[in-house]
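Remarks on the structure that follows.
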Amino acid sequence: MTESADKPGIEPKIGVFLCKCGKNIGGTVDIDQLAKDIEEGDTRVKLVQVNSYTCSDPGQVEIETAIKEQGIEKIVIAACSPRLHGPTWKKLLRRVGINPSLVEVANIREQCSWVHLSEKEEATKKAKEILEMAIAKAELLEAIDDIIVPITRRALIIGGGVAGIQAALDLADDNEVILVEKAPTIGGKMALIDKTFPTMDCSICILGPKMADVGNHENINLISCAEVTDISGYVGNFEVTIKKYPRYVDENLCTACGDCVSICPENVVDEYSGNLGWRKAIYIPYPQAVPASYIIDEKSCLGLSPLACGKCVPECEKEAINYEDSEKTFNYKVGTIIIAVGFELFDASKLPEYGWGNYSNVITTFEFERLINAAGPTDGELVRPSDLKKPKKVAFINCVGSRDKRFNPYCSNFCCMESIKNSLLIKEHWPDVEVTIFFIDIRAFGKGFEELYSRSREEGVLYIRGRPGQIKENPITNNLIVNVEDISTGTILSEEFDLVVLSIGVEGSSESIPFPIAKDSNGFYIEAHPKLRPVDTPTDGIFIAGGAESPKDIRETVTQASAAAGRCGNLLSKEEFHVEPLYAFVDTDKCTSCGICVSRCPYGAISVDQEKKTPARIIPVLCKGCGTCAADCPTNAITMTNFTDVMILRQIDIALRENAKKKVLIFACNWCSYAGADLAGTSRIQYPTNTRIVRTMCSGRVNISFIQHCFNRGAGAVMLTGCHPQDCHYITGNDFAIKREKRIRSWMKKNKISDERFVIEWISAAEGKKFADIVSQVSKIALK
């Protein structure tokens with residue numbers, strides 16, 4: 001490894017631009033004094049300039065002017081987080097003809113001024129060190145050109161629910177679209193619900209025309225009963241393989257007349273009716289299905305190979321039924337991909353105390369939607385499953401599977417409103433039915449939601465704050481006894497109902513696309529940035545929309561789908577795409593062809609021929625810049641562009657130059673823990689000033705030698721932070737970070753370093769308070 005003391009041969013011309021950000025920074029950090037200290041004490045810097053707001057148009061003009069007049073080659077911006085305005089400064093450099101790689105951002109707002117509001121003197125000292133760390137890194141920055149790739153003007157959308165439908169229609173007027181749906185029809189869950197809140201519109205009346213538009217659009221290639229089995233390549237040039245399973249009915253010939261149905265002898269439970277009705281082995285999911293074609297359920301049919309029945313064939317005048325149908329494979333080259341696979345409903349059987357699956361009159365909200373739907377198993381009549389009688393008293397239980405630490409601690413977003421909507425539907429059509437909703441909190445946050453909630457109360461719906469502990473069935477009447485503590489009154493209630501509806505939450509899809517795109521521990525795909533890039537994944541050219549990203553209602557889903565389509569369309573409209581040059585490269589003279597780097601890369605970007613002993617080869621456009629390979633390379637043959645070992649070691653040296661034994665050096669991954677530190681700042685959560693953060697793209701980038709270097713420099717404590725296990729934006733980076741812990745602690749023991757002085761913590765972008773709390777605890781260790 002190159003020593004941290006190494007310096008470039010030519011002194012660069014660095015311009016430092018400090019932002020007061022009004023009082024956001026200037027109210028805590030003495031920016032003028034800081035500028036004076038840097039101007040007088042740092043010979044690496046040619047120009048120091050203070051701006052009121054560097055991100056504003058006037059501020060950017062001032063910077064551009066200074067760059068041109070002073071001949072600045074590299075810039076350091078001391079302002080807010082690089083996650084917020086990093087792209088702004090890169091664009092600025094591009095405008096003035098400088099390589100956009102030559103900028104470094106010193107985060108003196110979120111990670112200094114905002115978290116040390118009452119410690120102005122110490123905050124200013126810390127800001128100086130943060131700025132000096134940035135200057136030290138900037139001195140070593142190299143101009144690295146973007147990777148330029150051609151764009152194939154074709155999009156792949158995986159999932160044909162409302163998100164996939166909206167995205168396909170938004171894209172198809174100007175681009176070719178391939179829409180893949182694993183079910184026999186597009187439409188997803190929205191097509192099966194009765195009404196939508198808050199307007200109470202008929203769901204299929206809204207969605208049906210859009211489904212038909214997809215089926216008829218000349219630029220949309222709809223492939224149903226199919227799945228994407230392989231994806232390779234990179235932005236603009238993805239190679240995809242799609243497997244289409246046999247329908248045994250030619251969708252181009254079938255007219256959906258239904259003559260084949262009456263002759264079919266097999267009756268099976270209909271999943272499209274919420275398992276409350278029956279269908280034949282040859283069926284169409286519902287009248288508005290697209291493709292408008294019947295399908296033979298191979299598992300339910302008496303037998304296709306060898307043929308055991310065959311009664312449906314003579315009934316089909318179009319000769320659309322084909323028992324010899326087989327799997328087909330299609331290969332396409334696409335420029336972009338949208339993941340719109342939706343979410344999965346919580347399995348209510350995981351809560352045996354509620355009796356779903358055992359008590360026939362306990363149903364889920366999805367089953368209730370099908371029950372009261374005019375096209376449902378009872379033609380829209382409200383009956384209870386046990387005896388098909390109209391219930392007199394109906395209870396809804398909210399947050400089933402959501403906001404529950406046993407299963408899913410998060411809110412599923414739409415469940416409260418779904419219960420409110422369904423309670424109103426009962427009151428509108430069957431006003432004599434008593435309706436009670438058991439809830440923890442009512443979350444009516446959207447446009448028109450609160451009005452719907454108020455309306456349900458006016459209609460006589462009773463709301464009881466409390467989560468029922470148990471449901472018991474009266475074996476004679478099949479009525480259900482609900483036991484609950486009413487939190488509002490502190491009383492225990494036991495009430496009998498004819499029908500209980502469980503408002504179940506949702507979980508991320510259990511299936512994954514065949515490409516390394518990170519999912520969180522709940523199964524939802526992780527966005528590149530929750531605010532600035534909410535529909536992008538960390539992989540260029542791949543986007544997410546709808547329930548695949550998080551629980552959301554129809555309106556949010558459609559909005560996000562259009563946003564994803566817009567991002568795709570913007571990319572597809574170009575002949576070429578510039579990929580940010582964050583990648584690893586190999587020093588072939590040092591490489592021993594051991595192959596460790598290949599095992600560390602989840603993207604297949606590295607190859608090595610161990611038999612021929614050829615050096616490792618990295619395809620830059622496939623590399624995502626996590627740095628896990630570099631951290632575990634035994635010969636230090638791999639270097640990360642602009643996150644080199646020397647850069648990181650220099651930052652450590654400056655951070656620990658003074659009072660090292662009282663300081664906490666924190667390695668924070670760009671996507672989660674660094675973002676969590678930013679959130680602590682935006683939330684104004686205070687913590688001690690003896691903390692210094694070194695940003696890396698991934699916790700997997702943190703070499704064991706970095707930790708050793710910190711302690712050799714006298715650090716009071718060292719923290720390694722990153723995404724939660726299974727939440728890593730680079731799929732496996734934090735797994736390898738965890739595996740290094742044993743060796744780190746073994747080295748510490750040999751060098752008589754207290755075990756408590758090294759801490760590993762997994763902190764998400766949403767856990768600003770957790771970051772501040774843990775840092776405060778570790779700070780006490782350093783100050784002992």
Among pairs that include at least one residue of [range], which meet salt bridge (charged side-chain N to carboxylate O under 4.0 Å, His left out), considering only residues two or more places apart or in two chains?
range	result
residues 533-542	R533-D536, D536-R567
residues 772-784	E756-K784, K769-D773
residues 687-701	E129-R692, D645-R701
residues 679-688	none

Side-chain donor or acceptor of [X] paired with backbone N/O of [Y] under 3.5 Å:
X	Y	result
T588	P615	no
S699	C669	no
D520	N522	yes
K20	D32	no
D146	I148	no
S779	V775	no
E110	S81	yes
T644	T639	no

**Report entry** side-chain contact (heavy atoms from CB on, under 4.5 Å) partners of S101, counting only residues at least two apart
**Finding:**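 For S101, the residues satisfying side-chain contact (heavy atoms from CB on, under 4.5 Å) (neighbours in sequence not counted) are N99, I144, P581, N642.
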Report task. List for me each residue that meets side-chain contact (heavy atoms from CB on, under 4.5 Å) alongside A765, sequence neighbours excluded, and say none if there are none. Result ->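 side-chain contact (heavy atoms from CB on, under 4.5 Å) check on A765 returns A675.
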Query raised in the report: Using the ring of each side chain (for Trp, its six-membered ring), is Y410 parallel, tilted or perpendicular to F524, with breaks at 30° and 60°?
Result: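 If you compare the ring of Y410 with that of F524, the planes turn out perpendicular.
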**Report entry** Residue pairs fulfilling ring pair (Phe, Tyr, Trp, His ring centres under 6.0 Å) with at least one residue in residues 677-702, sequence neighbours excluded
**Finding:**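 Qualifying pairs, neighbours excluded: H116-Y687, Y687-F771.
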Requested in this report: Quick one: which residue pairs count as a ring pair (Phe, Tyr, Trp, His ring centres under 6.0 Å) with a foot in residues 32-54, not counting sequence neighbours?
Outcome: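 The answer is none; no pair qualifies.
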Query raised in the report: To the nearest 0.5 Å, what is the distance between CD1 (I130) and SG (C112)?
Result: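 Nearest 0.5 Å value for the CD1-SG distance: 4.5 Å.
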**Report entry** Point-to-point distance, once rounded to the nearest 0.5 Å, from CD of E119 to CD of Q686
**Finding:**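 It comes to 7.5 Å.
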Report task. Could I get the full list of salt bridge (Lys or Arg N to Asp or Glu O under 4.0 Å) partners for K137, not counting sequence neighbours? Result ->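 K137: salt bridge (Lys or Arg N to Asp or Glu O under 4.0 Å) contacts with E104.
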Is [Y] paired with [X] through a side-chain N to carboxylate O contact shorter than 4.0 Å?
X	Y	answer
R650	E139	yes
R713	D653	yes
D755	K749	no

[X] and [Y]: which non-hydrogen atoms are nearest, and at how many Å?
X	Y	value
W671	A528	CZ3-O, 2.7 Å
V76	A134	CG1-CB, 3.8 Å
F706	I648	CE1-CD1, 3.6 Å
N703	A630	ND2-O, 4.2 Å

Under 3.5 Å, side-chain donor or acceptor atoms of residues 57-65 against the rest of the protein: list the pairs with distances, not counting sequence neighbours.
residue : atom : partner : partner atom : Å
Q60     : OE1  : R95     : NH2          : 2.8
Q60     : NE2  : C55     : O            : 2.9
E62     : OE1  : N51     : ND2          : 2.4
E64     : OE2  : R95     : NE           : 3.0
E64     : OE2  : R95     : NH2          : 2.7
T65     : OG1  : V61     : O            : 2.8

Query raised in the report: Please walk me through it: do E132 and R657 pass salt bridge (Lys or Arg N to Asp or Glu O under 4.0 Å)?
Result: CA-CA 11 Å; E132 289 177 333; R657 185 176 54 200; 2.4 Å; yes
Query raised in the report: Listed by chain and number, what are the ring pair (Phe, Tyr, Trp, His ring centres under 6.0 Å) partners of F577, not counting sequence neighbours?
Result: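 F577 satisfies ring pair (Phe, Tyr, Trp, His ring centres under 6.0 Å) with no residue once adjacent residues are dropped.
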**Report entry** For F643, ring pair (Phe, Tyr, Trp, His ring centres under 6.0 Å) partners two or more places apart
**Finding:**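 Per chain and number, F643 pairs via ring pair (Phe, Tyr, Trp, His ring centres under 6.0 Å) with no residue.
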Does [X] [atom1] have over 12 foreign heavy atoms under 6.0 Å away?
X	atom1	answer
E121	CD	no
K662	NZ	no
E741	CD	yes

